*Asks:* 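Quick one: structure below, then a few questions.
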Amino acid sequence: MSVLDDLAVKAGDDDVVCGVPARFVAAPASTEEAAALIAAARDLTVVIRGGGTKLQYGPPPRDLDLIIDTRRLAGVVEHAAGDLITVARAGTPMADLHALPGQQLALDAPPTATAGGAVSANASGPRRLRYGTARDLLIGVTVVRPDGRIARAGGKVVKNVAGYDLGKLYTGAQGTLGLITECVFRLHPVPLDTAFVRATAPPTAVAKILAAQLAPSAVEIDAGPGAPPEIAVLVEGTEQGVRDRAATLARLLDGEVTDLPPSWWDTPPWPPGGLGLKLTGVLSAVPALVEAVTAAGGTVRGAAATGVLHAGFPAGAPAGIPEIVDGLRAAATRAGGHAVVLTAPGEVSDGLDMWGPVPGLELMRRVKDQFDPDHRFAPGRFVGGI
């Protein structure tokens with residue numbers, strides 16, 4: 001009897017990815033067990049599932065035999081406080097990595113999201129302005145390739161340049177190149193104090209905030225049709241430093257200082273069953289992107305100071321969803337960025353090009369062919385149907 005027979009169970013009603021039901025689910029408990037499972041499942045199509053917070057984003061898989069669930073691949077293996085690093089298994093909830101003693105993985109993600117899932121999606125949130133994305137915080141990785149072989153890259157020090165940077169290749173690959181089983185992350189000290197400055201202000205105020213050189217950790221915007229935009233700024237540091245910088249920002253924006261973020265902070269602007277997009281552009285084009293979304297009847301939120309925004313529309317959008325996507329994709333292109341559809345109502349998602357044109361597609365195809373020549377892992381879920 002193979003490890004596939006030992007681990008795989010019949011999928012249940014909830015084992016569905018974007019409307020496509022799986023046949024089996026397996027939950028390996030170690031890298032070695034995962035490697036044996038993947039080698040034994042060489043004839044099966046596979047989707048990897050962590051906390052499931054982003055599992056329904058993107059196109060559906062062309063086929064789905066097996067979900068590999070990482071819930072048993074969990075736990076903090078090491079927390080080296082002196083080196084500011086932690087080693088965590090892929091299924092470790094982000095809540096555990098947000099609560100390390102005196103230190104934090106400064107990566108905004110839902111508490112139930114997993115370390116491996118955050119890396120696979122290249123997750124980030126409001127604090128990407130100061131700390132970067134998962135790609136910036138990952139310094140080492142262990143993966144199981146689609147042929148069942150185990151590969152490791154990086155190490156346990158922040159400045160590590162030895163060997164090929166496999167971690168960056170797997171970061172943001174959406175599970176198309178194999179299974180991440182262990183991650184090494186760079187940590188940051190927990191700030192002694194934090195404050196939020198909130199103000200009703202146009203998107204152009206973001207340039208004023210950055211020009212003031214007050215080192216904000218996040219600058220977020222929330223704007224919808226028929227309502228004035230709100231900007232919220234997160235300041236972190238020592239008690240005196242936070243108090244002084246927050247007061248200066250409040251005067252600059254004619255806003256108020258609070259201890260808590262607004263209710264919309266780090267919250268997607270689309271309702272269940274609605275249309276959600278990720279928009280990017282150069283900083284100078286952020287006001288135009290905000291205007292494009294609100295003019296189309298949507299709500300826009302996100303990291304205005306890094307040019308990464310999210311747009312949301314209800315399921316019954318006033319204009320047709322394909323027309324909205326085309327319009328915002330054109331606006332993002334003019335802004336020097338891209339528009340990606342994260343989620344869409346089921347009745348229209350099949351006809352949408354959710355990724356849109358992406359530079360380097362042929363190189364991505366060659367990488368996929370090299371790592372997963374049979375295209376078994378997350379088939380059809382990535383750019384260009386990869």
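Treat the numbers as computed from the prediction; the structure is a model and nothing was measured.
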*Asks:* Arg130 side chain to Ala106 main-chain N or O, any donor-acceptor pair under 3.5 Å?
*Replies:* no

*Asks:* Rounded at 0.5 Å granularity, tell me how far CG in Leu137 sits from CZ in Phe185.
*Replies:*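 So the gap between those two atoms works out to 8.0 Å.
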
*Asks:* Drop me the distance from Arg145's CZ to Ile150's CD1, to the nearest 0.5 angstrom.
*Replies:* 12.0 Å

*Asks:* With sequence neighbours left out, what residues match Tyr57 under ring-ring contact (aromatic ring centres under 6.0 Å, His included)?
*Replies:* none

*Asks:* Going from CH2 on Trp355 to CZ on Arg329, what distance comes out if it is rounded to the nearest 0.5 angstrom?
*Replies:*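 Answer rounded to 0.5 Å: 10.5 Å.
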
*Asks:* With sequence neighbours excluded, tell me which residues meet side chain to side chain donor-acceptor pair (under 3.5 Å) with Asp193.
*Replies:* none

*Asks:* With a 4.5 Å limit on heavy-atom distance, are the side chains of Pro229 and Pro203 in contact?
*Replies:*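 Yes; the side chains approach each other to less than 4.5 Å.
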
*Asks:* Identify the two heavy atoms, one from Pro345 and one from Gly274, that lie closest to each other, and give their separation to 0.1 Å.
*Replies:* CD-O, 3.6 Å

*Asks:* Can you check side chain to side chain contact (heavy atoms under 4.5 Å, CB included) on Val76 and Thr92, steps first, answer last?
*Replies:* CA-CA 7 Å; Val76 175; Thr92 306; 4.2 Å; yes

*Asks:* Would you say the side-chain atoms of Thr70 pair up with the backbone N or O of Leu73, donor to acceptor, closer than 3.5 Å?
*Replies:* no

*Asks:* Is there side-chain contact between Ile221 and Val206, with at least one heavy-atom pair below 4.5 Å?
*Replies:* no

*Asks:* Applying ring-ring contact (aromatic ring centres under 6.0 Å, His included), name anything that partners His188, two or more places apart in sequence or on another chain.
*Replies:* Tyr131

*Asks:* Donor-acceptor pairs under 3.5 angstrom involving side-chain atoms of residues 294-316: please list them, not counting sequence neighbours.
*Replies:*
unit_1: Thr294; atom_1: OG1; unit_2: Val290; atom_2: O; d: 3.1
unit_1: Thr294; atom_1: OG1; unit_2: Glu291; atom_2: O; d: 3.2
unit_1: Arg301; atom_1: NE; unit_2: Asp222; atom_2: OD1; d: 2.7
unit_1: Arg301; atom_1: NH1; unit_2: Thr267; atom_2: O; d: 3.1
unit_1: Arg301; atom_1: NH1; unit_2: Pro268; atom_2: O; d: 3.2
unit_1: Thr306; atom_1: OG1; unit_2: Ala303; atom_2: O; d: 3.2

*Asks:* Hey, is CD on Gln240 packed in by over 12 heavy atoms from elsewhere, all under 6.0 Å?
*Replies:*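 Yes, the 6.0 Å shell around CD holds more than 12 heavy atoms from other groups.
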
*Asks:* Should Arg243 and Glu239 count as an ion pair when the cut-off is N to O under 4.0 Å?
*Replies:*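 Between Glu239 and Arg243 there is a salt bridge, with a charged N closer than 4.0 Å to a carboxylate O.
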
*Asks:* Using the salt bridge (Lys or Arg N to Asp or Glu O under 4.0 Å) rule, collect all pairs that involve residues 373-386, keeping only residues at least two apart or in two chains.
*Replies:*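 Matches after skipping sequence neighbours: none remain.
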
*Asks:* Decide yes or no on side chain to side chain contact (heavy atoms under 4.5 Å, CB included) for Leu361 and Ile386, but give the supporting numbers first.
*Replies:* CA-CA 9 Å; Leu361 179 57; Ile386 291 177; 4.1 Å; yes

*Asks:* Is the closest side-chain heavy-atom distance between Val119 and Val141 below 4.5 Å?
*Replies:*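 With C-beta onward as the side chain, the pair stays apart.
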
*Asks:* For residues 245-257, run the donor-acceptor check on the side chains, cut-off 3.5 Å, and write out each pair with its distance to 0.1 Å, sequence neighbours left out.
*Replies:*
unit_1: Arg245; atom_1: NE; unit_2: Gly241; atom_2: O; d: 3.4
unit_1: Arg245; atom_1: NH1; unit_2: Leu214; atom_2: O; d: 3.0
unit_1: Arg245; atom_1: NH1; unit_2: Ala215; atom_2: O; d: 3.1
unit_1: Arg245; atom_1: NH2; unit_2: Glu236; atom_2: O; d: 2.4
unit_1: Thr248; atom_1: OG1; unit_2: Asp244; atom_2: O; d: 3.0
unit_1: Thr248; atom_1: OG1; unit_2: Arg251; atom_2: NH2; d: 3.3

*Asks:* Of all the heavy-atom pairs spanning Thr204 and Pro287, show the shortest one and how long it is.
*Replies:*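 Taking every non-hydrogen atom into account, CG2-CG, 4.0 Å.
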
*Asks:* Do Leu289 and Ile324 sit in one hydrophobic cluster, given that two such residues count as connected whenever their side-chain heavy atoms are within less than 4.5 Å of each other, even indirectly?
*Replies:*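 Yes, Leu289 connects to Ile324 through the hydrophobic network.
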
*Asks:* Just verifying a value: how many Å separate Leu187 CG and Thr86 OG1, rounded to the nearest 0.5 Å?
*Replies:*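 So the gap between those two atoms works out to 5.5 Å.
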
*Asks:* Can you name the side chain to side chain donor-acceptor pair (under 3.5 Å) partners of Lys168, sequence neighbours left out?
*Replies:* Asp165

*Asks:* Please check if any side-chain donor atom of Thr171 sits under 3.5 Å from a side-chain acceptor atom of Arg135, or the reverse.
*Replies:* no

*Asks:* Take atom CZ in Arg42; do more than 12 heavy atoms of anything else shown fall under 6.0 Å from it?
*Replies:*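 Atom CZ in Arg42 is not packed in, count stays at 12 or less.
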
*Asks:* Can you tell me if Thr181 and Thr31 form a side-chain donor-acceptor pair at under 3.5 Å?
*Replies:* yes

*Asks:* Indicate yes or no: at least one non-hydrogen side-chain atom of Lys368 is less than 4.5 angstrom from one of Phe382.
*Replies:*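 Side chain of Lys368 against side chain of Phe382, heavy atoms only: no contact under 4.5 Å found.
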
*Asks:* Test of understanding: with side chain to side chain donor-acceptor pair (under 3.5 Å), list the residues that count as partners of Lys278, not counting sequence neighbours.
*Replies:* none

*Asks:* Could you list the donor-acceptor pairs under 3.5 angstrom formed by side chains in residues 334-344, with sequence neighbours left out?
*Replies:*
none

*Asks:* Going by ring-ring contact (aromatic ring centres under 6.0 Å, His included), name the residues that satisfy it together with Phe196, two or more places apart in sequence or in a different chain.
*Replies:*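 Trp265.
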
*Asks:* Rounded to the nearest 0.5 Å, what separation is found between the CG atom of Leu352 and the CG atom of Leu275?
*Replies:*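 The CG atom of Leu352 sits 7.5 Å away from the CG atom of Leu275.
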
*Asks:* Any side-chain heavy atom of Leu210 sitting closer than 4.5 Å to one from Leu283?
*Replies:* yes

*Asks:* Any side-chain heavy atom of Thr176 within less than 4.5 Å of one from Asp372?
*Replies:* no

*Asks:* Compare every heavy atom of Ala201 with every heavy atom of Ala205, then report the nearest pair and how far apart it is.
*Replies:* CB-CB, 4.0 Å

*Asks:* Looking only at heavy atoms, which two atoms of Val233 and Ile231 are closest? And how far apart?
*Replies:*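 Looking at all heavy atoms of both residues, the closest pair is CG2-CG2, 4.1 Å.
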
*Asks:* For the hydrophobic clusters of this structure (ILVMFWY residues joined by side-chain heavy atoms under 4.5 Å, transitively), does one cluster hold both Leu64 and Met354?
*Replies:* no

*Asks:* Take Ile85 and Ile139 through the test side chain to side chain contact (heavy atoms under 4.5 Å, CB included) and record every step on the way to the result.
*Replies:* CA-CA 9 Å; Ile85 66 101; Ile139 61 173; 3.6 Å; yes

*Asks:* Just by modelled atom types, is the Asp266 backbone N or O under 3.5 Å from a matching donor or acceptor in the Glu220 side chain?
*Replies:*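 Pair absent, no side-chain N/O of Glu220 close to backbone of Asp266.
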
*Asks:* Determine whether a donor-acceptor pair (N or O, by modelled atom type, separation under 3.5 Å) exists between the side chain of His79 and the backbone of Ala88.
*Replies:* no

*Asks:* Contact between Leu328 and Leu279 at the side-chain level, heavy atoms closer than 4.5 Å - yes or no?
*Replies:* yes

*Asks:* Under the ring-ring contact (aromatic ring centres under 6.0 Å, His included) definition, can you give me all pairs with a residue in residues 272-309, not counting sequence neighbours?
*Replies:*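 For residues 272-309, and leaving out neighbouring residues, there are no ring-ring contact (aromatic ring centres under 6.0 Å, His included) pairs at all.
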
*Asks:* To the nearest 0.5 Å, how far apart are OG1 in Thr45 and CD1 in Ile67?
*Replies:* 10.0 Å

*Asks:* What heavy-atom pair brings Leu177 and Tyr170 nearest, and what distance separates the two atoms?
*Replies:* O-OH, 2.7 Å

*Asks:* Which side-chain N or O atoms in residues 7-30 pair as donor and acceptor under 3.5 Å with protein atoms at least two apart or in another chain?
*Replies:*
unit_1: Asp15; atom_1: OD1; unit_2: Arg49; atom_2: NH1; d: 2.8
unit_1: Asp15; atom_1: OD1; unit_2: Arg49; atom_2: NH2; d: 3.3
unit_1: Asp15; atom_1: OD2; unit_2: Gly12; atom_2: N; d: 2.6
unit_1: Arg23; atom_1: NH1; unit_2: Asp65; atom_2: OD1; d: 3.0
unit_1: Ser30; atom_1: OG; unit_2: Glu33; atom_2: N; d: 3.0

*Asks:* Ile38 vs Ile68, test: side chain to side chain contact (heavy atoms under 4.5 Å, CB included). Steps then yes/no.
*Replies:* CA-CA 9 Å; Ile38 289 171; Ile68 297 180; 3.8 Å; yes

*Asks:* Work out which heavy atom in Gln104 is nearest to a heavy atom in Val190; give both atom names and the distance.
*Replies:* NE2-CA, 4.0 Å

*Asks:* Is the backbone of Ala113 close enough, under 3.5 Å, to the side chain of Thr53 for a donor and an acceptor to pair up by distance?
*Replies:* no

*Asks:* Please answer whether the main-chain N or O of Arg127 pairs with a side-chain N or O of Asp108 as donor and acceptor at a distance below 3.5 Å.
*Replies:*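 Yes, because the side chain of Asp108 sits within donor-acceptor range (under 3.5 Å) of the backbone of Arg127.
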
